[in-house]
Amino acid sequence: MAKQNVAEQFVDILVRAGVQRLYGVVGDSLNPVVDAIRRTPEIEWIQVRHEETAAFAAGAEAQITGKLAACAGSCGPGNLHLINGLYDAHRSMAPVLALASHIPSSEIGLGYFQETHPDQLFRECSHYSEMISNPKQMPRVLQTAIQHAIGRSGVSVITLPGDVASEAAPEKTAEHALVTSRPTIRPGDAELDKLVTMIDEADRVTLFCGSGTAGAHKEVMEFAEMVKSPIGHALRGKEWIQYDNPYDVGMSGLLGYGAAYEATHECDLLILLGTDFPYNAFLPDDVKIVQVDVRPEHLGRRSKLDLAVWGDVRETLRCLTPRVKPKADRRFLDKMLKKHADALEGVIKAYTRKVEKHVPIHPEYVASVLDELAADDAVFTVDTGMCNVWAARYISPNGKRRVIGSFSHGSMANALPMAIGAQFVDRNRQVVSMSGDGGFSMMMGDFLTLVQHDLPVKVVLFNNSSLGMVELEMLVAGLPSFGTTNVNPDFAAIARAAGAYGVRVEKPKQLAGALKDAFKHKGPALVDVVTDPNALSIPPKISAEMVTGFALSASKIVLDGGVGRMVQMARSNLRNVPRL
């Protein structure tokens with residue numbers, strides 16, 4: 001049996017850790033690893049057109065599967081392109097292993113061609129970033145990196161010079177069992193006792209949920225029923241907590257809607273469940289606050305806490321719910337449910353009048369039709385900007401759908417690359433990229449990746465020829481919009497020229513048919529929808545400064561977005577509320 005080199009050993013360990021594919025762009029320093037993958041049937045090399053796409057795709061795969069995913073870049077500029085996607089994966093708590101190949105080890109520190117120091121560059125966006133400079137470091141360094149990525153839910157980076165990758169791996173190296181899943185974390189009894197006392201003494205309890213409620217829907221509903229609590233959520237909590245939720249009062253924050261803001265401010269005990277919600281201006285400062293989080297470094301960094309509870313949400317609620325006294329008084333809950341339904345009714349009216357005749361097309365109408373036509377288990381990848389607004393307000397979660405985006409890092413151009421990673425996980429699952437024209441054109445080269453790999457991703461392009469969210473930011477600041485206009489081509493024609501299905505939609509009556517045809521198409525497809533650039537959205541609570549900014553800058557601009565089918569759910573939740 002031929003002796004392994006370091007690259008072959010590297011690939012074997014990835015396979016043992018469950019990695020099924022490595023996204024990247026080939027290059028000389030990376031060639032030994034790519035060649036090892038070529039000869040290893042258990043793992044696939046996924047060629048993309050830009051390394052940033054590789055990192056976003058790996059991050060999306062990790063979010064969809066909950067398992068380790070991997071990407072790679074060649075030395076210098078190649079692996080530098082990974083950094084934006086790795087920041088996003090790290091902040092999304094997605095377990096990703098990145099390989100940053102490096103210049104020849106003998107030239108490091110001498111200003112060699114394409115020299116950088118990736119082991120230092122990636123430290124801020126990783127839990128672990130180390131360079132393998134000697135074959136004897138393998139496999140322990142790689143195993144350590146894998147356990148950091150999985151155990152701490154984030155990014156690990158291995159820097160590997162190309163010449164070291166080609167060297168013979170040492171014999172009899174230690175290969176221990178790899179950690180491939182996380183344990184549950186239960187809070188201590190002392191913290192639980194304090195929390196029980198606070199809940200029992202409170203008259204009005206509100207839950208505010210984030211992505212940490214994944215897998216805990218049943219436990220959250222049972223607890224809310226026990227204490228008669230309204231449930232608000234952050235954007236990353238929407239897909240996990242909003243569906244089948246008779247206590248739902250909407251979302252808070254910059255993209256918020258409904259009565260979540262009121263529910264968090266009018267309670268006397270606010271419990272933050274698995275959320276690192278960054279906008280502390282939307283959190284109260286005059287009520288008692290408890291935070292439950294599996295990552296202790298998140299506790300208290302957004303608001304002053306009366307109690308910090310270290311534990312994952314599901315395990316904490318399993319321990320907590322049997323201990324609290326059931327509450328019989330529903331008055332606060334019912335009041336918030338009614339406020340929520342009334343708020344949704346108010347904003348939806350702006351987009352229920354003649355929307356099927358409005359040209360340019362309302363983007364809200366596009367999102368609403370998309371929500372109705374998409375599969376029950378579709379994966380939506382969402383560009384940062386106004387697409388975030390339309391996804392937050394119109395895409396209906398049901399426990400099977402997924403909605404992922406750059407919700408913590410806030411990068412442009414994430415939707416298409418994320419769709420690539422999501423589609424590779426399951427070619428038979430519908431994946432829809434909700435792309436803005438700004439984000440799509442920034443990473444448009446990787447539309448060719450869809451064609452090359454025959455990935456049936458459906459790109460729905462909200463084409464308003466502008467950077468809409470940036471315009472909104474300027475308006476809020478009292479500034480005239482400047483530098484936000486895009487001169488766009490016919491993107492559908494570009495899609496067809498690339499070998500994909502492409503259709504351009506300019507009238508509302510064309511929309512449903514175009515989406516249905518795209519969904520029926522077996523390969524990649526792009527639906528280029530020309531939308532109204534004047535459709536903007538503001539938060540549910542605005543300051544005097546914001547109003548002044550709009551007064552200085554805005555004229556005849558639609559300020560509130562509708563909320564689609566959520567109004568139906570809100571009204572159905574009122575069936576058990578007594579008439580006041």
Side-chain angles (χ1 to χ4, degrees), residues 5-40 42-62 67-90 94-105 114 116-119 121-122 125-126 128-132 138-139 141-143 145-146 148-149 154-166 417-418 420-421 424 443 445-446 449 452-453:
N5 63 22
V6 169
E8 291 166 337
Q9 189 180 53
F10 185 97
V11 171
D12 280 353
I13 293 172
L14 290 186
V15 170
R16 283 206 302 124
V19 174
Q20 295 181 320
R21 55 193 65 85
L22 191 66
Y23 302 90
V25 178
V26 297
D28 55 356
S29 58
L30 193 55
N31 288 345
V33 173
V34 175
D35 187 63
I37 291 174
R38 178 183 63 83
R39 293 178 281 107
T40 306
E42 295 86 359
I43 190 170
E44 186 179 5
W45 173 257
I46 304 299
Q47 179 184 349
V48 297
R49 301 304 175 100
H50 195 293
E51 288 91 350
E52 183 173 333
T53 293
F56 272 121
E61 178 183 322
K67 299 177 181 179
L68 183 69
C71 59
S74 58
C75 64
N79 61 59
L80 276 177
H81 286 156
L82 295 171
I83 198 163
N84 196 41
L86 293 183
Y87 260 98
D88 182 82
H90 195 56
V96 171
L97 188 285
L99 170 60
S101 64
H102 203 9
I103 64 172
S105 58
Q114 295 188 322
T116 58
H117 293 88
D119 54 317
L121 286 167
F122 292 106
C125 62
S126 67
Y128 184 86
S129 181
E130 293 292 345
M131 181 169 68
I132 296 175
M138 281 284 288
V141 169
L142 178 55
Q143 291 169 335
I146 290 169
H148 272 78
V155 171
S156 285
V157 181
I158 293 294
T159 298
L160 180 62
D163 60 315
V164 176
S166 297
M418 284 182 165
I420 291 170
F424 266 113
M443 295 294 289
D446 269 292
T449 299
Q452 180 166 336
H453 295 282

Non-hydrogen side-chain atoms of [X] and [Y] separated by less than 4.5 Å:
X    : Y    : value
V48  : V25  : yes
H453 : F424 : yes
M138 : I13  : yes
W45  : V33  : no
S105 : D163 : yes

Among residues at least two apart in sequence or on other chains, which ones pass side chain to side chain donor-acceptor pair (under 3.5 Å) with Q47? Q452

The criterion is side chain to side chain donor-acceptor pair (under 3.5 Å); which residues satisfy it with N5, sequence neighbours excluded? none

Quick one, Q9 with L142, criterion side-chain contact (heavy atoms from CB on, under 4.5 Å). Give me CA distance, side-chain angles, the key distance, then yes/no. CA-CA 10 Å; Q9 189 180 53; L142 178 55; over 6 Å; no

Yes or no on side-chain contact (heavy atoms from CB on, under 4.5 Å) for E61 and Y23, after CA distance, side-chain angles and deciding distance? CA-CA 11 Å; E61 178 183 322; Y23 302 90; 2.7 Å; yes

Once you round to the nearest 0.5 Å, how far does [atom1] of [X] lie from [atom2] of [Y]?
X    : Y    : atom1 : atom2 : result
L160 : C75  : CG    : SG    : 11.5 Å
I83  : H90  : CD1   : NE2   : 11.5 Å
M443 : I420 : CE    : CD1   : 8.0 Å

Taking every non-hydrogen atom, the tightest pair across [X] and [Y]:
X    : Y    : value
D119 : E130 : CB-C, 4.3 Å
A145 : I158 : CB-CD1, 3.7 Å
F122 : A100 : CE1-CB, 4.1 Å
G59  : A89  : CA-CB, 4.1 Å
V155 : C125 : CB-O, 3.4 Å
L68  : A17  : CD2-CB, 4.1 Å

Residues two or more places apart in sequence or in another chain: which of them pass side chain to side chain contact (heavy atoms under 4.5 Å, CB included) with [X]?
X    : result
A55  : C71, L82, L86
S166 : P32
I43  : V11, L14, V15, V19, I37, T40

Kindly say whether [Y] contributes a backbone atom to a donor-acceptor pair with the side chain of [X] at under 3.5 angstrom?
X    : Y    : value
H102 : T159 : no
D446 : P417 : no
S29  : I103 : no
S101 : G73  : yes

The complete set of side-chain hydrogen bond (donor to acceptor under 3.5 Å, both in side chains) pairs with one or both residues in residues 69-84, sequence neighbours excluded, reads E51-H81, E52-N84, N84-H409, N84-S411

Carboxylate-amine/guanidinium proximity below 4.0 Å for D35 and R39: yes

